[in-house]
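Proteins come first, then strands; the chains are lettered A, B, ... in the order of their sequence lines, and each starts at number 1.
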Protein chains: 2
Amino acid sequence: MAVSIEGDLATSHRIAASLREEILSGQFAPGTRIRQEDIAEQFGASRSPVREALRMLDAEGLVTLVANTGAWIAQLSLTECEEMYQIRERVEPLLLNASMPNLTKEGLERLAILAQEMEANQDVETFLRLDREFHLLSYSGASTALLGDMVQRLWNTTQHYRRAYTRLLATNGFKTAHYEHHLLLAAITRGDAEDAERILYGHIRRTRLELAKHPEVFP
Amino acid sequence: MAVSIEGDLATSHRIAASLREEILSGQFAPGTRIRQEDIAEQFGASRSPVREALRMLDAEGLVTLVANTGAWIAQLSLTECEEMYQIRERVEPLLLNASMPNLTKEGLERLAILAQEMEANQDVETFLRLDREFHLLSYSGASTALLGDMVQRLWNTTQHYRRAYTRLLATNGFKTAHYEHHLLLAAITRGDAEDAERILYGHIRRTRLELAKHPEVFP
DNA sequence: TTGCCCGTAATTGGATCCAATATACCAATA
DNA sequence: TATTGGTATATTGGATCCAATTACGGGCAA
């Protein structure tokens, strides 16, 4: 999954990529209004490519478009967020299963490093980055592009709430997550797909239940 | 899930809805090139709303956009189609589970009628329509809009291959599907979610395996 | 014949202008 | 005072024009 940052892309794609980064990095709060002209000015472009970019982000679930009215940074209710997590519980084990046979030795080593770094780390943003890399790397062996894109969209749409929840829990409440990561890594390393699937399912499910205990991060 | 046909929508949405219908009804073969100007002329509009419509359909997986090059009716390889079905196997039981508690008596009666009509029917297009209505109706009790949309997209992107496969099997090879529909209906009716999930999983899985026996319908 | 190069036509992408729609504000009235 | 109606303004949607990119085809050389 190569992520080319602001390369030689067309204007609309460049704008979409840039906005996507800004949203995922938490610079925009969900519910924030997006005016086409503002974005256009910000990129020195006209409104045409901005509109295309907003459609792309709308399709990804990062932006909500309302006809004749405007665009907002997408917002999830607790119920909707739980829905996303339930989908993840069912779909990510499938993706992991497809990925495991093709994971390289280097990939496994990197996974181990990531699990260690997460445990040693105290910073929220760093944790989010490492956690994302850990899981997406564990899926990198899969050649199923459609499923991979779907999972990445699920991660993206829930990113904001994962951040808010991580902030709340400080650094203490993550012991379980770290254990699960190590268990998952062990199952992957010994090629036990069935166990890996089960652990991953439990990991996502437990996170969903934890998340539901903090409705204050939702509108 | 109300499907408003060509109502008072904005031009871009009207064009998208119309193209969607044409694609789903099989009027376009996968791989067919779509030129913006043709569509624009066909709808008496300019290319602007056509481009927006194509982006929407691209997001739904019905059209494939390539930057600076053009748009084509989306095409799936056998592998990709199997991927879609594997996702369906995992996700649709979840949706059914969320739907079952809220299905009305009228809904159940309609499901029974649909199962009967499918069995009595001989026509391919009619079968596709009834089968789709049967399953989507069984999900209609779910208030999970995001999951519902996702499932509908999965159905839409695979519609063309389901049609081709149904044509091949003529009307004889569907005994098993009819049995499964009746079993599913029975489980739903008696409110046995666990069993319903399992039957639905098996139903989709078996269809995937059958589909894989007919690689000739894929490019 | 086959492969490559280059020029022209076709097609998409972006900018600008105009139209349609929605929001916000203010006044008038119950 | 609260609410309704209407007008002005802000914002999005669509049409048209121009620019950039790509695809096609003929000519040339190996």
Side-chain angles (χ1 to χ4, degrees), chain A residues 4-23 27-75 219, chain B residues 2 4-23 28-75 219:
Chain A
S4 77
I5 303 272
E6 329 240 338
D8 40 70
L9 297 161
T11 312
S12 59
H13 285 92
R14 232 184 44 236
I15 295 175
S18 196
L19 285 177
R20 188 183 298 115
E21 276 313 306
E22 291 187 301
I23 295 172
Q27 296 179 242
F28 290 120
T32 306
R33 171 70 183 271
I34 309 172
R35 285 192 305 281
Q36 296 177 3
E37 203 133 12
D38 288 358
I39 309 291
E41 192 179 7
Q42 182 181 330
F43 285 90
S46 79
R47 278 170 46 224
S48 312
V50 173
R51 279 163 63 178
E52 305 240 339
L54 290 177
R55 279 229 178 278
M56 299 182 212
L57 297 172
D58 175 63
E60 296 174 28
L62 290 177
V63 156
T64 303
L65 286 181
V66 178
N68 284 315
T69 306
W72 288 263
I73 305 293
Q75 214 166 13
Chain B
S4 76
I5 304 272
E6 329 241 337
D8 41 69
L9 298 159
T11 312
S12 60
H13 285 90
R14 232 183 44 235
I15 294 175
S18 197
L19 285 177
R20 190 183 297 114
E21 277 312 307
E22 290 186 302
I23 295 172
F28 290 120
T32 306
R33 171 67 184 272
I34 307 172
R35 285 194 304 283
Q36 295 177 3
E37 202 133 11
D38 288 358
I39 309 293
E41 192 179 4
Q42 183 181 330
F43 285 91
S46 79
R47 278 170 45 224
S48 311
V50 173
R51 280 163 62 178
E52 305 240 338
L54 289 177
R55 279 228 179 277
M56 298 183 211
L57 297 172
D58 176 61
E60 296 174 28
L62 291 177
V63 157
T64 303
L65 285 181
V66 178
N68 283 316
T69 306
W72 288 263
I73 304 292
Q75 215 166 12

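Relative to the axis of its first five pairs, the axis of the last five pairs of the helix from C/dT1-D/dA30 to C/dA30-D/dT1 sits at 30°, rounded to 10 degrees.
Counting any heavy atom pair closer than 4.0 Å across all strands shown, B/Ser48 reaches a base atom.
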Step by step, would you call A/Ser12 with B/Arg55 a side-chain contact (heavy atoms from CB on, under 4.5 Å)? CA-CA 12 Å; A/Ser12 59; B/Arg55 279 228 179 277; 4.1 Å; yes

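Partner of B/Phe43 under the side-chain contact (heavy atoms from CB on, under 4.5 Å) criterion, out of B/Thr11, B/Val50, B/Ile15: B/Ile15 alone. Only one option out of B/Leu54, B/Ile73, B/Ile23 pairs with B/Leu62 in a side-chain contact (heavy atoms from CB on, under 4.5 Å); it is B/Ile23.
The closest side-chain heavy-atom distance from B/Arg51 to A/Arg51 is not below 4.5 Å.
We find the CZ-CE distance between B/Arg20 and B/Met56 to be 8.5 Å, quoted to the nearest 0.5 Å. In this structure, the separation between CH2 on A/Trp72 and OG1 on A/Thr32 is 11.5 Å, given to the nearest 0.5 Å. Residue A/Arg35 holds its CZ atom at 11.5 Å from CD of A/Gln42, rounded to the nearest 0.5 Å.
Considering every non-hydrogen atom in both A/Gly70 and A/Arg33, the closest pair reads CA-NH2, 3.9 Å.
Residues A/Gly44 and A/Trp72 both approach DNA chain C. Their nearest nucleotides, taken by heavy-atom distance, put A/Gly44 toward the 5′ side.
Within 6.0 Å of atom CD in B/Glu22, more than 12 heavy atoms from other residues, nucleotides or ligands are found, so the atom counts as buried in its surroundings.
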Sort me out a list of protein N/O and nucleotides 8-12 of chain D N/O pairs below 3.5 Å, or just none if empty.
| unit_1 | atom_1 | unit_2 | atom_2 | d |
| --- | --- | --- | --- | --- |
| D/dT11 | OP1 | A/Arg35 | NE | 3.2 |
| D/dT11 | O3' | A/Arg33 | NH2 | 3.1 |
| D/dT12 | OP1 | A/Arg33 | NH2 | 3.4 |
| D/dT12 | OP1 | A/Ile34 | O | 3.4 |
| D/dT12 | OP1 | A/Gln36 | N | 3.4 |
| D/dT12 | OP2 | A/Gln36 | N | 3.3 |

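In this structure, the side chain of A/Thr69 engages the main chain of A/Ala67 through a donor-acceptor pair within 3.5 Å.
Taking 4.0 Å as the cutoff to heavy atoms of chain A, we find the contact window on DNA chain C bounded by C/dG14 to C/dT23.
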